[in-house]
Amino acid sequence: MAVNAFDILFVIAAVLANLCVSAIYVSDRHNSMKFIRIFGIIFLTLGFPIIAVLIGYIITGYDWWVYALLSYVIVFFIVQLILDFILKSQFREKPVQHVVYIIFFYIFQAGMIIIAFNINDTCGYAVSISFWLLLGALIYLLIGKRKDKKLQKKTR
């Protein structure tokens, strides 16, 4: 199957979304709410190209499961908008809610990777590599938080 403009738009949006989440993790490690907000807004705006991709795929005709995965990805963007920017919910501080969100997030990630591999292997690897960068940034964040907790305990 030939790569079309909607495929390219999807891969660019997926890679940028992962890079934005990576930047959010690094910004969180450095307690930079300004950058967390900036990258969060950029992340959310990437939902618009994904909507355009879904419309383009519907017009050109794709398998139903691609529509389902893209719809899920769009729903994730909407939920993220509602929780973080409209309700300003602190759901990440509540373990049960955070676990549900994490599951929701990794299904979102799997959907983007599956769609990218459906386009072709190169696109799939591009989105996968950006996901692995995201995981590296997450590890960087978590190691930093662990070190901060140890420092807080020592200073008490």
Side-chain angles (χ1 to χ4, degrees), residues 6-54 65-66 68-156:
F6 293 112
D7 295 334
I8 294 167
L9 182 60
F10 174 80
V11 172
I12 291 170
V15 168
L16 288 175
N18 284 341
L19 294 177
C20 280
V21 173
S22 300
I24 289 168
Y25 291 157
V26 172
S27 298
D28 191 11
R29 164 83 185 263
H30 295 284
N31 298 313
S32 178
M33 289 307 296
K34 176 184 174 184
F35 285 114
I36 291 171
R37 183 160 180 79
I38 289 168
F39 288 114
I41 291 168
I42 294 169
F43 173 81
L44 289 176
T45 61
L46 292 168
F48 293 111
I50 300 296
I51 292 169
V53 169
L54 177 60
W65 62 268
V66 175
L69 288 175
L70 273 174
S71 297
Y72 183 91
V73 167
I74 292 166
V75 167
F76 180 83
F77 280 108
I78 293 168
V79 168
Q80 192 78 45
L81 171 68
I82 292 168
L83 291 175
D84 281 336
F85 286 88
I86 296 173
L87 298 177
K88 298 181 183 188
S89 172
Q90 299 301 318
F91 65 92
R92 290 177 186 89
E93 295 174 7
K94 300 170 185 164
V96 172
Q97 291 176 354
H98 195 200
V99 167
V100 170
Y101 171 79
I102 290 169
I103 293 167
F104 193 45
F105 176 75
Y106 284 105
I107 295 170
F108 160 81
Q109 287 293 330
M112 291 199 309
I113 292 168
I114 290 166
I115 292 167
F117 272 110
N118 186 58
I119 296 168
N120 67 34
D121 285 351
T122 303
C123 294
Y125 288 121
V127 175
S128 293
I129 289 167
S130 68
F131 172 69
W132 286 103
L133 290 172
L134 177 153
L135 290 178
L138 177 60
I139 291 166
Y140 176 72
L141 168 64
L142 295 175
I143 288 171
K145 286 191 178 213
R146 177 175 281 168
K147 284 181 183 177
D148 290 345
K149 284 183 182 179
K150 285 181 182 179
L151 283 173
Q152 287 174 355
K153 285 180 183 179
K154 284 183 181 181
T155 59
R156 288 184 187 172

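Summarising the geometry, atom CG belonging to L135 is positioned 10.5 Å from atom CG belonging to L142; distances are rounded to the nearest 0.5 Å. Taken to the nearest 0.5 Å, the CH2 atom of W65 stands 7.0 Å off from the CD1 atom of I114. Within the model, atoms CG of N18 and OG of S128 stand 9.0 Å from one another, a figure rounded to the nearest 0.5 Å. If you take CD1 on I8 and CD1 on I119, they are separated by 9.0 Å, rounding to the nearest 0.5 Å. Between atom CG of residue L69 and atom CZ of residue F108 there is a gap of 11.5 Å, rounded to the nearest 0.5 Å. A distance of 9.5 Å separates CG of L87 from CG of L81, quoted to the nearest 0.5 Å.
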* Could you walk me through whether R92 and L83 pass the side-chain contact (heavy atoms from CB on, under 4.5 Å) test, one step at a time? => CA-CA 10 Å; R92 290 177 186 89; L83 291 175; over 6 Å; no
* **Candidate pair F104 and V75, rule side-chain contact (heavy atoms from CB on, under 4.5 Å), full reasoning** => CA-CA 10 Å; F104 193 45; V75 167; 4.1 Å; yes
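Put simply, the side chain of V66 reaches to within 4.5 Å of the side chain of L70, judged on heavy atoms. By the 4.5 Å heavy-atom criterion applied to side chains, F10 and M112 are counted as neighbours. Within the 4.5 Å cutoff, side-chain heavy atoms of V127 are placed close to those of V15.
Across S22 and L134, no two heavy atoms sit closer than the pair OG-CA, 3.0 Å.
For Y125, the ring-ring contact (aromatic ring centres under 6.0 Å, His included) test picks out F117, with sequence neighbours left out.
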When the side chains of residues 28-54 are checked against the rest of the protein, which donor-acceptor pairs come out under 3.5 Å, sequence neighbours left out?
residue, atom, partner, partner atom, Å
R29, NH1, Y140, O, 2.6
H30, NE2, Y140, OH, 2.8
S32, OG, F35, N, 3.4
T45, OG1, I42, O, 2.6

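Two rings, from F76 and Y106, have their centers 6.0 Å or more apart.
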